[in-house]
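Below: one structure, written as structure tokens.
FYI, side chains are in, hydrogens and waters are out, and symmetry mates aren't considered; it's all heavy atoms of this structure. Each chain gets a letter, A, B and so on, in the order its sequence line appears, and its residues count up from 1. Here the structure is a predicted model, which means the values were calculated and not measured.
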Protein chains: 2
Amino acid sequence: MTVSIIDVAHAAGVSASTVSRALRGRPGVSDQVREQITAVAASLGYTASRSASSLASGRTFTIGVVVPYVGRWFFSTVLDAAEQVFSKAGYDVLLYNLGSPEARKRFFTKLPLRKRVDAVLSLLIPEEEEVTALRSLGVPLTSIVGGPLPGFTVVGIDDRAGAESAVRHLVNLGHRRIGMISGSSGPLHWTTPVDRRQAYLDVLADSGIEHDPALEVDGDYTVKGGERAMTRLLAASRPPTAVFAQSDEMAMGALRALRRHRLRAPDDVSVIGFDDHELADVLGLTTIAQPVAGQGAEAAELLLRQLSEPEAEPPGQVRMPIHLVLRETTAPPNPRRPQ
Amino acid sequence: MTVSIIDVAHAAGVSASTVSRALRGRPGVSDQVREQITAVAASLGYTASRSASSLASGRTFTIGVVVPYVGRWFFSTVLDAAEQVFSKAGYDVLLYNLGSPEARKRFFTKLPLRKRVDAVLSLLIPEEEEVTALRSLGVPLTSIVGGPLPGFTVVGIDDRAGAESAVRHLVNLGHRRIGMISGSSGPLHWTTPVDRRQAYLDVLADSGIEHDPALEVDGDYTVKGGERAMTRLLAASRPPTAVFAQSDEMAMGALRALRRHRLRAPDDVSVIGFDDHELADVLGLTTIAQPVAGQGAEAAELLLRQLSEPEAEPPGQVRMPIHLVLRETTAPPNPRRPQ
DNA sequence: AATATGAGCGCAAACGCTTGCGCAACCACG
DNA sequence: CGTGGTTGCGCAAGCGTTTGCGCTCATATT
């Protein structure tokens, strides 16, 4: 058997309650006794049983983090940053990876988080009924990415502005046939693809460029999808001279498609992405940078603040800055290439 | 107040113990009553409190996963796969991200896992005293990457064989000046860089190529490090015609360095990596593929097996297959380029 | 028909902590 | 020196489960 609180109490010649108070920095213990207890506890290698203490207190000191795909760069980066903030504050993180539909359904019906966490950080955009499931947990909720969501604090970026500067950049370079590799839209609250698309349309309209539906292809937010999408675009009767990909991973797929067709960016086609993926720099990909780790850290801190100040009204929405990163995959249209 | 087991018991007209047994599929309950209880529990939306049940039973149904950097592709991919296996089996995962030295020290001194998990999967190679700390938890331990470690089940690949086929591939193409971008060696048990280096030396010797220490540069297992390393290699008095990078990320850095110097792979320098990073394909990087997600899943399953069959002797070590993936960054040395 | 058998269920004691309350002992004050 | 207010600590009642044991019937056995 491992050492319990009463072992420490006996060894220190006090009661269990005093040990409890002493070790957690609660008032009602003299400095002298507290020191004594701390020393004894350390020498015995005592650690309080989390299950026991959370059963007794109701606090779990655990944060639930739910993620669609931990394996993807964006999410793992956010998770990385968030975990650091949580653990520094003494919270553990319980991870749920909801990639497959079954896992997702299982999670939301069984709700393993119930009574297990003090708060939850969601990196996925919940469907309508999932929202109510999460709310029923009765703990602070924070979400990354996605539109405003009542009951949630959501941190994100200004997708419209980001997409606008991307497309405007292409327009300013002189492009007129500008394709877009878009992301499929998912849950209702998942406004990102919608916003980015709207910005694309707005800039086109604003620049007097007619919108050609053939230049808009779904890339599924994956490298492979981006590759397929670019292949489709190249097969169009009048292919684009520039392409705005709604994510860097799709942009990378697009670059791959270009290479496969013995074409090059930006010589033949300009490509701009979105995210500033860690490898965007390696590929020389021009993109819109968003603070990915920054959003994770910010979200985590907001959540902690809600835990420490339950009274304070949490911010409904927080927007982080973005900026255009010029690299080597965008340039003016090539005059030698027929439009 | 949320619904507890006695609420269910009352509603079903039975005792709490019967509810407990019924819901967990324990014997001693008639099918009829069990059904009844299941129905009532569902209608009340009852979920057992994890803290209470693990306090009472000692089982936590939680696995601790400790990771050096969740943000890095390799680890997040392993984690992704492992989490899926765990959650399918009804286990939750408690994640510890130990990137910074402080976080790592904090973790191993406080050992927040104590009494909280049924097993731990370690994706980092523990130092000597960390090993004993983990062992003191008294639960099954599994580790990915690294040499055999008493008390641990470790799953990994044959680093020697992998590195050998990489270097041999370059030799077979006709290269004789072959550089290596290596990873700094860390903890004692972290045999990967050592093994890969040894294989490099072996193949060179075996091929009658003299080893030039100037062609061996540390790349720190990062993209930036790889870029720096390649830059150093290019500055050598007699630069290599081919480079073996001990990880794809370093290889990508190397490719970037080449581009910066207006050089190209494989025309000017051949580059081969190790891992088969998800974006290796995008970059056309020749590499040694290892089943990353596969290792995560395998490790998770081994751990679960140890939990379900505590008696069975766990395998000390499991090796997963590797293979060479030919892409576009390796070719015979360019005859136009002076050696 | 009487007894042994076992299946189905309830009782109550843990599990290891937290916390409201009570009780000394102490201080300062008038 | 008595009173009121602190301060420091112990008591004991939970927190919501699990589980060994015992009891009660029905069923099988002689």
- Message: Can you tell me if S30(B) touches the phosphate of dC9(C), counting only side-chain N or O atoms and a distance under 4.0 Å to OP1 or OP2?
- Response: yes

- Comparing S54(A) and G13(B) on DNA chain C - which has the more 5′ nearest nucleotide: G13(B)

- Candidate list L123(A), V155(A), V318(A), T77(A), test side chain to side chain contact (heavy atoms under 4.5 Å, CB included), partner Q295(A), passing option: V155(A)

- Message: Which nucleotide wins on minimum distance to the side chain of V14(A), given the candidates dG10(D), dG16(C), dT17(D)?
- Response: dG10(D)

- For the side chain of R319(B) and the backbone of I157(B), is there at least one donor-acceptor N/O pair under 3.5 Å apart? yes

- Query: Would you say a side-chain N or O of S57(B) is under 4.0 Å from OP1 or OP2 of dT17(D)?
  - Reply: no

- Look at the side-chain N and O atoms of R59(A) and state whether any lies under 4.0 Å from the OP1 or OP2 oxygen of dT18(C). no

- Message: Just to be sure I understand the rule, does R21(A) reach a base, reach only the sugar-phosphate, or reach nothing, if contact means heavy atoms closer than 4.0 Å?
- Response: base

- Out of dC15(C), dT18(C), dC17(C), whichever nucleotide has its closest atom nearest the side chain of A56(B): dC15(C)

- Going by distance alone, is a donor N or O of one side chain under 3.5 Å from an acceptor N or O of the other, for S17(A) and S20(A)? no

- Task: Give a yes/no answer on whether the side chain of S15(A) brings an N or O atom under 4.0 Å of OP1 or OP2 in dG10(D).
- Result: yes

- To the nearest angstrom, the CG-P distance between L55(A) and dC15(D) comes to 9 Å

- Take the protein atom CZ of R116(B) and the nucleotide atom C1' of dG16(C), then report the distance between them rounded to whole Å. 15 Å

- Counting just side-chain N and O atoms, does R26(A) come under 4.0 Å of either OP1 or OP2 of dT18(C)? no

- Measure from CZ on R34(A) to C1' on dG8(D) and round the result to the nearest Å. 11 Å

- Task: Measure from NE2 on H10(A) to P on dG16(C) and round the result to the nearest Å.
- Result: 13 Å

- Would you mind reading off the distance between Q32(A) atom CD and dG8(D) atom P, rounded to a whole angstrom? 11 Å

- Within 45° cone of Y69(A) ring axis and under 6.0 Å: R72(A) NZ or CZ: yes

- Provide, to the nearest angstrom, the distance between the CG atom belonging to D31(B) and the C1' atom belonging to dC9(C). 14 Å

- Query: Can you check the L23(A) CG to dT19(C) P distance for me, whole Å?
  - Reply: 14 Å

- Could you check how far CD1 of I5(A) sits from P of dT19(C), rounded to whole Å? 11 Å

- Task: Check whether any side-chain N or O of S20(B) sits under 4.0 Å from OP1 or OP2 of dT18(D), and answer yes or no.
- Result: yes

- Query: Is it true that a side-chain atom of R135(B) and a backbone atom of P150(B) form a donor plus acceptor pair closer than 3.5 Å?
  - Reply: yes

- Query: Which part of the nucleic acid, if any, lies within contact of S17(B), taking any heavy atom under 4.0 Å across all strands shown: a base, the sugar-phosphate backbone alone, or nothing?
  - Reply: base

